[in-house]
Every structure is written in C-alpha cells, then in structure tokens.
Amino acid sequence: MKKFFLVWMMFLGVNAFAQRDANMGIIPAPVSVKKFKGEFKLNSETIILTDSPNHRAVKYFSDYLRKSGMTNSVTDMSFLDEKHRKVKNVITLSVNHKGEIPLEGYELNVDDGKVTIVGRNAGLFYGVQTLIQLMQFNKNGFTIPCTSVKDHPRFGYRGMHLDVARHFFDVEYVKRYIDVMAYYKLNHFHWHLTDDQGWRIEIKKYPKLTEKGSKRAQTKIGSQSKGDPELYDNTPYEGFYTQEQIKEIVAYAEARFVTVVPEIEMPGHSMAAIAAYPELSCDPSKPYKVGEKWGEYKDVYCPTEETFTMLNNILTEVMDLFPGKYIHIGGDEVPKDAWKASVFCKQLISDRNLKDEEGIQSYFISRMEKYINSNRHSIIGWDEILEGGLAPNATVMSWRGETGGIKAAQMGHDVIMTPGSGGMYFDHVQAKNPQEPLAIGGNAPLSKTYAYNPIPAELAKDQQKYILGVQANLWTEYIATPAKADYMLLPRMLALAEVAWTPLANKNFDNFSTERLPHHLALLDARGYNYRVPVAIGASDTTLTGANFTFELQPSVEGAKVHYTIDGYAPRETDLHVTGPVKVTVPAKKEIEFKTIVITLSGKRSNVTTMKLVNK
Ligand code: ACM
C-alpha cells in the first residue's frame with residue numbers, strides 16, 4: 001500500500017458519519033438500505049468466491065484489495081462443491097441474478113460471516129463500489145457494517161464531460177477523472193476532443209490536424225465575458241492524444257463500465273481544423289490560425305463535398321477507436337456569416353431546396369448522421385441540431401435550458417439533459433464570492449446542482465422515457481491545471497451522481513451535504529484529488545442582530561478544523577478552532593465580525609465566511 005494512502009486510510013478508520021446516517025454514508029444514495037447490528041471482518045483469510053472470475057468487477061475488487069496491501073485469493077465457485085461454498089469469512093461476487101434485479105442493479109448483503117453481492121452486469125461493479133464505500137480500514141484489514149442494500153440507477157445515461165480542447169489534460173489525468181466517475185457510478189465520459197483552440201486527437205489520414213491544429217501561438221489572459229482588456233500570454237500551447245493513447249483510455253474506461261463518447265465538433269467550433277486545412281472553409285484564400293481566445297468564431301466548415309469526404313474519413317478513424325454507440329458531432333453555436341457570404345452556399349440552398357442558411361445546419365448534420373448511422377453508430381448533438389428540422393435518430397443534448405430537450409422528447413427523440421440553468425455547467429462559479437477563482441461566470445452552487453431533476457414537469461408520462469439521463473459539463477477556458485479541474489468538478493460531481501442515480505424520493509440535500517459528504521471529501525483527499533472545501537456546516541455570510549450568540553459549527557470535511565476570529569482578520573490555522581459551541585457576546589451599540597474558515601488535514605481551505613453580529 002502506498003504510504004500516503006495508508007496514513008489516510010488509518011485516519012478514516014472510524015466513519016462516524018456513516019454510523020448515524022440512514023444511507024450509511026453511501027453516495028449516490030441507494031434505492032434501499034437496511035442497517036443491522038454487527039460487522040464483517042475482511043482480513044487476509046477472507047476468500048473471494050465468484051461465478052464469473054473474468055468479470056471486470058471481480059478484477060477491480062481484487063486489484064483494490066491488493067493496492068490496500070491485502071493478498072486475498074479469488075476462487076472460481078464452479079470448482080467448489082456445495083459444502084465448501086458454505087464456509088465462513090467469504091465475499092461472494094455473483095452475476096446469477098435470475099432476472100429479478102433491474103438493469104445495472106445489485107443486491108449487497110453483509111452479515112458477520114459473509115458478504116454477498118449479486119449484480120446484473122455493470123451492477124456487480126456498482127455493488128463493489130458500494131462495498132468499498134462501506135469498508136473501514138483497521139490494522140488487520142477492513143470492517144464492514146452488517147447491511148442489506150438493494151439498488152439500481154434512475155437513469156441509464158449518467159454522464160460527465162471534459163473539454164480538453166481549450167486546455168489539454170494528459171492521459172494520467174483523464175484516467176483519474178474516469179476513476180472518480182466510476183467510484184460514483186457515472187457511466188458516460190463525454191470527451192470534447194476538438195474545438196477552435198485545439199484539435200486533440202491524432203487522425204492518421206490528416207496529420208496536419210495535430211501537427212498544426214493542436215498548437216496555438218498564445219492564450220488569452222483573464223476573463224473574456226467580463227470584457228477584460230485584450231491581453232495574451234505570448235506562450236505557445238499544445239497537446240494531443242495519439243491513437244494508442246486513445247485506445248488505452250477507452251480500455252481503461254471500459255474496465256470501469258464507463259463508455260467514452262468522443263465529440264468531434266462541426267460545423268462550428270472548427271478553427272483548429274480550418275487552420276490546418278483551409279480548404280475546409282468557405283474561403284480558403286484567407287489566413288487562418290488556431291483560436292487564441294474564447295467564444296464563437298465566424299469561420300466554420302463549408303458544406304462542400306470535399307468537406308464531407310474529409311469529415312467522413314476522420315469519423316471512420318474515430319469510429320474505429322470508440323466502440324460505444326454514440327459519436328457526438330457538436331452542432332452548437334454556428335454563426336452563419338461565412339455561409340451567407342459564400343456563393344457556393346447560395347447555390348447549395350437553391351440546388352437542395354433549403355430554406356436558408358439555417359437549412360444548411362440541418363443539411364450538414366443530417367448528412368453526417370447518415371454516414372455515422374451507416375457505420376453502426378448514432379449521433380448526439382447539442383440542442384442547436386433542432387434548428388431547421390431534427391435529423392432522424394439523433395439524440396439531443398439540451399444545454400440551453402430544457403426547452404430543446406422538451407421539444408426533442410415531444411418529437412420522440414432521445415434526450416440527455418445538461419442545462420447550464422440547472423447547475424449542470426461545472427465551469428460556472430460555485431459561489432458568487434470574490435474569493436472564488438476566475439471562472440466563466442454563471443452560478444452553480446452545490447445545492448443547485450443537487451436539486452436538479454432531469455425530468456421536466458412539461459413532459460407527459462409517455463414522453464418521459466425519452467430522457468435517457470443527465471450530464472454535467474466541464475468546459476476549460478478558465479481551467480488550465482488538473483488541480484483547478486478537480487476544484488470545479490468536486491464535490492459537484494457527487495451531487496450529479498445522486499441526480500443521475502438516486503430515486504427522487506430518496507434525495508435529501510441536508511443528509512447529502514452534512515451527513516455523507518464530509519467523509520467522502522476526506523476519502524477524495526486519500527485518493528489524491530483536489531476539491532472545493534465547502535464552508536463550515538452552520539456558517540454563512542450573513543448579518544445577525546442580538547447580544548449573545550452561540551454557534552454550533554461542524555467541519556465540512558471529516559478530520560478538518562473550523563478556525564475562527566472575532567477581530568476582523570481572516571482566520572487561519574494559527575487562530576482558535578471550534579471544539580464545541582462557540583459563544584460570542586457583542587457589547588451594546590457595537591458590531592463584531594465572526595469569521596470562519598475550514599482547513600483540512602491536507603491543508604485545503606474553504607472560503608472565509610463572515611457573520612456580522614450587530615447589537616443595536
Ligand atoms: C455549449 O456549451 N456550447 C454546448
């Protein structure tokens with residue numbers, strides 16, 4: 001076991017939160033949990049029995065134990081007679097569900113003699129994730145509280161997106177991202193591989209896409225949306241994945257029941273490709289360069305036969321690399337300027353009887369969809385693919401609110417909900433507070449993400465089935481480092497997991513954020529992730545009137561301390577910390593600022609909160 005991991009696991013030996021919580025600390029909250037007295041002791045003598053030794057869940061669990069310093073043997077049950085199957089101190093991992101378990105579901109039973117997980121395909125993997133969440137480290141191995149969990153997901157599509165075009169994230173980071181998705185039972189990784197600012201996937205037939213298109217000369221500094229001055233860092237930026245690396249990531253994801261959905265943006269957000277191959281544009285005589293700032297670019301792919309041939313060839317290589325059902329072809333934010341200025345497009349509109357340039361958008365998407373469908377894949381597009389008529393079989397990702405998703409579902413199209421207005425844009429700030437780092441804007445606090453319900457009230461019962469699921473997006477214009485990507489992702493991704501998995505009736509933000517999350521944040525530390533530290537439980541930025549105050553504050557992360565001041569200075573680790581109720585007395589006609597900060601064992605810090613206490 002790695003030393004760092006060991007130290008953290010020892011600290012996490014007693015999971016006080018799970019003891020009292022009805023969900024036993026599990027995120028996302030399961031369909032049903034029953035707690036019993038007693039515990040199972042997982043030690044080096046524990047035998048892992050299975051009817052499917054090659055199942056990815058079995059391999060994952062035995063790898064997990066090995067990394068934790070345990071060397072338990074895995075035994076194929078088919079080699080054992082009935083008598084030997086009944087031994088004590090066994091963990092049984094089985095796919096023999098007899099059809100009673102819903103898709104991706106599992107049943108986990110723990111008593112003091114044995115642990116049994118029966119899962120339906122991916123369900124066995126999710127049962128293992130739940131088991132791992134219940135395991136508490138001690139010096140002989142782990143203890144697991146006795147329980148009975150029955151569980152399955154609310155939605156089949158549970159997605160998390162990562163934009164690697166605006167900023168590039170290496171293979172190691174992408175794997176860690178997939179890891180944390182899998183811990184929380186998310187199952188689609190939407191990989192935004194191309195955009196104006198960089199082409200990040202090797203295409204053998206068109207080497208300039210990465211030779212030129214993966215490099216930009218410099219990057220905008222500061223906020224574009226707030227209208228900061230035009231300032232650039234004068235530093236070249238580059239990065240792409242080789243096809244070998246892509247295969248490695250796809251296999252890594254598959255081992256964790258995560259399907260990778262590649263996105264190749266078209267017809268807009270295509271400056272990087274146009275800079276590499278200007279013949280893709282409507283005016284190849286113009287100079288083009290890979291984007292250096294954010295927002296929309298007016299130059300987009302021209303709908304010529306040459307463009308379609310090239311895109312088909314690109315997608316042929318892409319489809320060979322990604323075995324999943326879906327190819328995402330973007331379709332969002334397509335300015336029509338270049339098409340309006342093009343003689344070719346005028347002729348195309350007339351020849352094809354298209355209404356206008358909006359018609360070119362749906363013509364473009366339909367042509368690509370036909371090609372992709374003929375190669376046994378289906379398309380997903382952002383909700384702009386509804387413009388000018390929806391291509392048949394297309395799945396719509398509703399990002400500009402829910403309107404597009406509602407319309408598509410009413411037309412009988414599959415939909416994935418990912419509205420920025422519903423807290424699904426993780427590039428938005430997590431608090432309207434100058435202590436937050438630079439972000440694109442918006443406001444998506446944890447509570448807002450948690451509250452999102454992907455089934456809009458407008459949909460009739462028979463239309464709701466078209467909502468395949470939900471996704472959150474991490475656009476990276478303002479996210480240049482893994483630490484910041486983690487910060488914007490976590491803990492909101494855990495709220496997303498509960499939106500995507502947990503039955504509505506079992507959702508409860510108080511229970512999630514105060515009973516379960518603090519332990520998970522400490523676990524994320526143990527696993528080497530960064531995250532945004534929520535402010536202390538019970539603290540906020542507010543004004544209160546009175547003379548005598550008593551504050552009951554709890555750390556938002558297990559093991560962290562809540563430090564505070566009453567002298568107006570920002571609290572730090574050298575200040576007093578909360579050990580019980582804190583009493584503050586305000587003299588008559590005076591004000592005192594009671595400030596708090598959470599500082600974790602690893603040194604992560606929350607924002608400072610200020611409670612202004614006024615004695616009138
Ligand atoms: C998007 O955020 N442009 C899909």
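Remember, it's 1-based here, ligands and their atoms both numbered in the order they're listed.
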Margin query: Could you report the tightest heavy-atom contact between Val470 and Leu496, atom names first, then the distance?
Written below: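 Where Val470 meets Leu496 most closely, the heavy atoms are CG2-CD1, 4.2 Å.
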
Check: Does the cation-pi check pass for Arg527 over Tyr183, that is, NZ or CZ under 6.0 Å from the six-membered ring centre and within 45° of its axis?
Finding: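 Yes - Arg527 lies over the ring of Tyr183, closer than 6.0 Å to its centre and within 45° of its axis.
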
Note to self: Can you tell whether the side chains of Glu292 and Arg216 come within less than 4.0 Å, N to carboxylate O?
What the structure shows: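 Salt bridge flag = no for Arg216 with Glu292.
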
Notebook entry, point to check: Salt bridge or not for Glu305 and Arg367, using N-O below 4.0 Å?
Noted result: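 Salt bridge: yes.
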
Atoms in ligand 1 flagged as close to [X], the criterion being non-hydrogen separation under 4.0 Å:
X	result
Trp475	1 (C), 2 (O), 4 (C)
Glu333	3 (N)
Tyr425	1 (C), 2 (O), 4 (C)

Check: What part of Met397, side chain, backbone, both or neither, has a heavy atom within less than 4.0 angstrom of ligand 1?
Finding: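 Met397 to ligand 1: no contact under 4.0 Å from either part.
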
Notebook entry, point to check: Do Arg154 and Asn453 have side-chain atoms, one donor and one acceptor, less than 3.5 Å apart?
Noted result: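 Their side chains do contain a donor-acceptor pair, which is all the 3.5 Å distance test asks for.
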
Check: Which of these, Asp332, Asp163, Asp383, has its nearest heavy atom closest to atom 3 (N) of ligand 1?
Finding: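 When every heavy atom of Asp332, Asp163, Asp383 is considered, Asp332 comes closest to atom 3 (N) of ligand 1.
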
